[in-house]
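Beneath this line is the structure, given in structure tokens, with notes to follow.
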Amino acid sequence: MFSILKLIVDVAAGLLGGVLLLRFWMQAIRVRPPSSVAQFTFQLSDWLVRPLRRIVPGMGGYDWASLIGAFVIVILATSVLFLVGATTEIVLLAALHRFLEWILFGFMALLIIEAIFSWVNPHAPLAPFVRALNEPLLNPIRKVVPLVGNLDLSLLVALILLQICQILLGMLFGR
């Protein structure tokens, strides 16, 4: 039964946490989302972000309420470990590890979505939005990694670097 409960909590928390992280990233890099994405993102997350903004206002051009909201969601989702006897310290460390993993997985997903768009339909309505979300990651890599026969390898390099970060994160948290 614990596995089923954990799966349900993980799916719900992953969706909401991903939306909150997307909301933070869109504002951090000042990308205006298409109306369908904006409507989905804001409708799904406003119930948490608006009250948090009263406590944690945006500063420095960052939507801290969205980021903190994502961390609150990951803590709540990780709290199911209390059911199997985990201590508060273990739950908080697991939540921090999971939060950082969500960020890495989010960037990986955006890169993979951009790769799929470039192969299948580079003129898809969401393609420019996804491309804009990835630019802050890919631009520094593009300065170092040249085009190889008109093939941009920066996406591949970024995915490899994110996987290295994921491995290092696992080593840091002992997993």
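Counting begins at 1 with the first residue of the sequence. Note that the structure is a prediction, hence the values are computed from the model and not measured.
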Could you report the tightest heavy-atom contact between [X] and [Y], atom names first, then the distance?
X      : Y      : result
Ser154 : Leu138 : O-CD2, 3.6 Å
Phe2   : Val80  : CE1-O, 3.3 Å
Arg30  : Gly61  : NH2-CA, 3.6 Å
Leu100 : Phe173 : CD1-CE1, 4.2 Å
Ala95  : Val74  : O-CG1, 3.7 Å
Ala65  : Arg53  : CB-CG, 3.6 Å

Nearest 0.5 Å, what's the [atom1]-[atom2] distance between [X] and [Y]?
X      : Y      : atom1 : atom2 : result
Leu81  : Leu93  : CG    : CG    : 11.5 Å
Ile164 : Leu104 : CD1   : CG    : 12.0 Å
Leu147 : Asp152 : CG    : CG    : 5.5 Å
Leu168 : Gln163 : CG    : CD    : 12.0 Å
Ile68  : Ile73  : CD1   : CD1   : 13.0 Å
Leu169 : Arg98  : CG    : CZ    : 13.5 Å

[X] vs [Y] side-chain heavy atoms within contact, under 4.5 Å:
X      : Y      : result
Leu156 : Ile160 : yes
Leu5   : Leu83  : yes
Val11  : Leu7   : yes
Gln27  : Tyr62  : no
Met26  : Arg32  : no
Thr78  : Phe99  : no
Lys6   : Met1   : no

Cluster question for you: counting only ILVMFWY and a side-chain heavy-atom cut-off of under 4.5 Å, with indirect links fine, are [X] and [Y] together?
X      : Y      : answer
Ile4   : Val9   : no
Val145 : Val148 : yes
Ile75  : Leu15  : yes
Val120 : Leu111 : yes
Phe42  : Phe40  : no

Will you find, in the side chains of Thr41 and Arg23, an N or O donor that is under 3.5 Å from an N or O acceptor?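 Not at all, the side chains of Thr41 and Arg23 share no donor-acceptor pair under 3.5 Å.
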What do the steps show when you test Phe71 against Leu20 for side chain to side chain contact (heavy atoms under 4.5 Å, CB included), and what is the final call? CA-CA 9 Å; Phe71 192 65; Leu20 288 162; over 6 Å; no
With side chain to side chain contact (heavy atoms under 4.5 Å, CB included) as the criterion, how do Leu162 and Phe105 come out once you've worked through the C-alpha distance, each side chain's angles and the decisive distance to 0.1 Å? CA-CA 8 Å; Leu162 287 168; Phe105 284 134; over 6 Å; no
Determine, stepwise, if the pair Ile141 / Leu161 fulfils side chain to side chain contact (heavy atoms under 4.5 Å, CB included). CA-CA 10 Å; Ile141 295 170; Leu161 290 173; 4.0 Å; yes
Using 30° and 60° as the class boundaries, would you call the ring planes of Trp25 and Phe107 parallel, tilted or perpendicular?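 The rings of Trp25 and Phe107 stand perpendicular, inter-plane angle above 60°.
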Please identify each residue that fulfils ring-ring contact (aromatic ring centres under 6.0 Å, His included) with Phe117, with sequence neighbours left out.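 Phe117: no ring-ring contact (aromatic ring centres under 6.0 Å, His included) contacts found.
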Using the side chain to side chain contact (heavy atoms under 4.5 Å, CB included) rule, take His123 and Asn121 through it: C-alpha gap first, then chi angles, then the decisive distance, then the call. CA-CA 5 Å; His123 304 293; Asn121 185 3; 3.8 Å; yes
Step through the shown structure and confirm whether more than 12 heavy atoms of other residues, nucleotides or ligands are within 6.0 Å of CZ on Phe82.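 Result for CZ/Phe82: enclosed.
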Between Trp102 and Gly17, is there a donor-acceptor pair closer than 3.5 Å when you use the side chain of the first and the backbone of the second?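 Absent.
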Determine whether a donor-acceptor pair (N or O, by modelled atom type, separation under 3.5 Å) exists between the side chain of Asn134 and the backbone of Leu110.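 Judged by distance alone, yes, a pair lies under 3.5 Å.
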